[in-house]
Amino acid sequence: MTRNGRRTSPVEHGFPHLDTVRAAVTALFRRLSYEGIRTYDTSFSPADAAFAADEDLHLGAHRVASAIVGALRLPDARMVVCFRAMEQAATVELAAGPEYFIEVNDRFRTHRRDLAAALAHEVTHVLLHRLDLRFPATADNEILTDTAAAYLGVGWLLLDAYREDELTHQKLGYLTPEEFGYVLARRALLLGEDLSAWFTSPQAYEAYVRGRALAERELHRAPLAAADRAERRRYARDRRAGAAAPGASYRFEPDPAGTGTGAGTGTGTRVSFPCPVCGQRLRLPLRGPVRARCGLCRTVLECDT
């Protein structure tokens, strides 16, 4: 595909779904709790996703699906996997269980390298169904599923299935490659995990690096004390004006407790901003350096409000 004489990619890039991705991470923390999230501290092993050259297709598919079920803490769920011609990579029939039927695109009969990635998305659908966690819109619900898969340790397979060169373009899932990288990086920041060596696709690794850069920048946004000089100047200017500039992640609002300072109704002002780990909004009075603890993910944040 070319545009204005330049080759363009049919794969969407960048961060077009970022608001929904962030909301999905917050929803996971609220539904599973901090302790629940910590139980997913080990990512799905590349060895469990691999197929031996002589392994039976159906037995191997059920082996991988069962391993993903275990990784997602669904021990009483059984996956029945079959293959057929279809447009989608895979679909799952969501019912009461314990058996769930996954249909997989026929192309994975020969492209077994990415079969685990397709299964990871569908088994995550089952997990969210069991948790009764969903977003109202179908498109947003698919973003939630990919985000949950990545944040809970099996979705790195979906990013690794992204490959792009002069002849081929392949991407599984609904997140862009960079958004997958962003979610995986946020997971890594929480759990101290580094998946860099696991990627077999060079393009997937590059997308992970771009997503990680955004996740790391969020650790240096005002009013966090680690904000860089430009961020601090912008925040100070907005604080004096009593209004955040367009695009800022923080906003100023009246402080009902009257513990902050600033112009307003006489009750003071506070700043609200998203926790860089779980995304829940924190509200702090404007009183300078302060240490805050997020009530949802328990992260202790050094701030300068």
With sequence neighbours excluded, what pairs up with [X] under the side chain to side chain donor-acceptor pair (under 3.5 Å) test?
| X | value |
| --- | --- |
| R63 | E55 |
| D56 | none |
| D238 | Y250 |

(request) In sequence, state the C-alpha distance, the side-chain angles, and the governing distance for V277 and C294, and then conclude on side-chain contact (heavy atoms from CB on, under 4.5 Å). (result) CA-CA 9 Å; V277 174; C294 177; over 6 Å; no
(request) Start with the C-alpha gap between T91 and E122, add the side-chain angles, then the distance that decides, and say whether side chain to side chain donor-acceptor pair (under 3.5 Å) holds. (result) CA-CA 6 Å; T91 62; E122 303 309 323; 5.9 Å; no
I'd like to know if the side chain of [X] and the backbone of [Y] have a donor-acceptor N/O pair within less than 3.5 Å.
| X | Y | result |
| --- | --- | --- |
| Q170 | A161 | yes |
| R281 | S272 | yes |
| Y235 | T305 | yes |
| D304 | P223 | no |
| T124 | A148 | no |
| E99 | R78 | no |
| W156 | F44 | yes |
| R283 | F273 | no |
| R112 | R109 | yes |
| D114 | A117 | no |

Tell me whether [Y] is reachable from [X] by hopping between hydrophobic residues (I, L, V, M, F, W, Y) whose side-chain heavy atoms are closer than 4.5 Å.
| X | Y | result |
| --- | --- | --- |
| F101 | V92 | no |
| L133 | I68 | yes |
| V81 | M86 | no |
| L184 | L18 | yes |
| L219 | L282 | no |

(request) Mind running side-chain contact (heavy atoms from CB on, under 4.5 Å) on L128 and R134 for me, showing each step along the way? (result) CA-CA 7 Å; L128 297 178; R134 64 180 63 88; over 6 Å; no
I'd like to know whether the aromatic ring centres of [X] and [Y] sit less than 6.0 Å apart in this structure.
| X | Y | value |
| --- | --- | --- |
| F108 | F83 | no |
| Y151 | Y182 | no |
| Y174 | H17 | no |
| H62 | H58 | no |

(message) Could you walk me through whether V271 and R251 satisfy the side-chain contact (heavy atoms from CB on, under 4.5 Å) test, starting with their C-alpha distance in whole Å, then the side-chain angles of each, then the deciding distance to 0.1 Å, before giving a yes or no?
(response) CA-CA 6 Å; V271 62; R251 59 176 179 258; over 6 Å; no
Find the distance between [atom1] ([X]) and [atom2] ([Y]) and round it off to the nearest 0.5 Å.
| X | Y | atom1 | atom2 | value |
| --- | --- | --- | --- | --- |
| D146 | T176 | CG | OG1 | 10.0 Å |
| L172 | L158 | CG | CG | 6.0 Å |
| I143 | L175 | CD1 | CG | 4.5 Å |
| R210 | L214 | CZ | CG | 12.0 Å |
| T39 | L32 | OG1 | CG | 7.0 Å |
| R38 | S33 | CZ | OG | 11.5 Å |

(request) Report yes or no: do T269 and E253 form a side-chain donor-acceptor pair below 3.5 Å? (result)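 No.
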(message) Is a donor from one side chain sitting under 3.5 angstrom from an acceptor on the other, for E178 and H13?
(response)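 Side-chain D/A pair, E178 to H13: present.
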Closest contact, heavy atoms only, [X] versus [Y]:
| X | Y | value |
| --- | --- | --- |
| A77 | Y100 | CB-CE1, 4.0 Å |
| R113 | S201 | NH2-N, 4.4 Å |
| A150 | R187 | O-CD, 3.5 Å |
| H220 | A226 | ND1-O, 3.0 Å |
| V154 | A71 | CG1-CB, 4.0 Å |
| A65 | L119 | N-CD1, 4.1 Å |

pair [X]-[Y]: side-chain heavy atoms closer than 4.5 Å:
| X | Y | result |
| --- | --- | --- |
| R239 | F252 | yes |
| L115 | V64 | no |
| R22 | P274 | no |
| N105 | Q88 | no |
| E164 | P177 | no |
| I102 | V80 | no |
| N141 | L144 | yes |
| L301 | P276 | yes |

(request) State which residue, out of Y208, F180, Y162, fulfils the ring-ring contact (aromatic ring centres under 6.0 Å, His included) condition with F199. (result)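 Among Y208, F180, Y162, the one that satisfies the ring-ring contact (aromatic ring centres under 6.0 Å, His included) with F199 is Y208.
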(request) Check whether more than 12 heavy atoms from other residues, nucleotides or ligands sit under 6.0 Å from atom CZ of R229, and answer yes or no. (result)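 No.
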(request) Could you check Y40 against R73 for side-chain contact (heavy atoms from CB on, under 4.5 Å), going step by step and ending with a plain yes or no? (result) CA-CA 8 Å; Y40 296 88; R73 311 294 187 264; 3.6 Å; yes
(request) For D76 and R130, run salt bridge (charged side-chain N to carboxylate O under 4.0 Å, His left out): C-alpha distance rounded to whole Å, both residues' side-chain angles, the deciding distance at 0.1 Å, then the answer. (result) CA-CA 11 Å; D76 60 339; R130 290 280 191 95; 3.0 Å; yes
(message) Before you tell me yes or no, could you show the steps for H129 and H125 under ring-ring contact (aromatic ring centres under 6.0 Å, His included), namely the whole-Å CA-CA distance, both residues' side-chain angles and the distance that decides it to 0.1 Å?
(response) CA-CA 6 Å; H129 175 71; H125 267 303; 9.7 Å; no
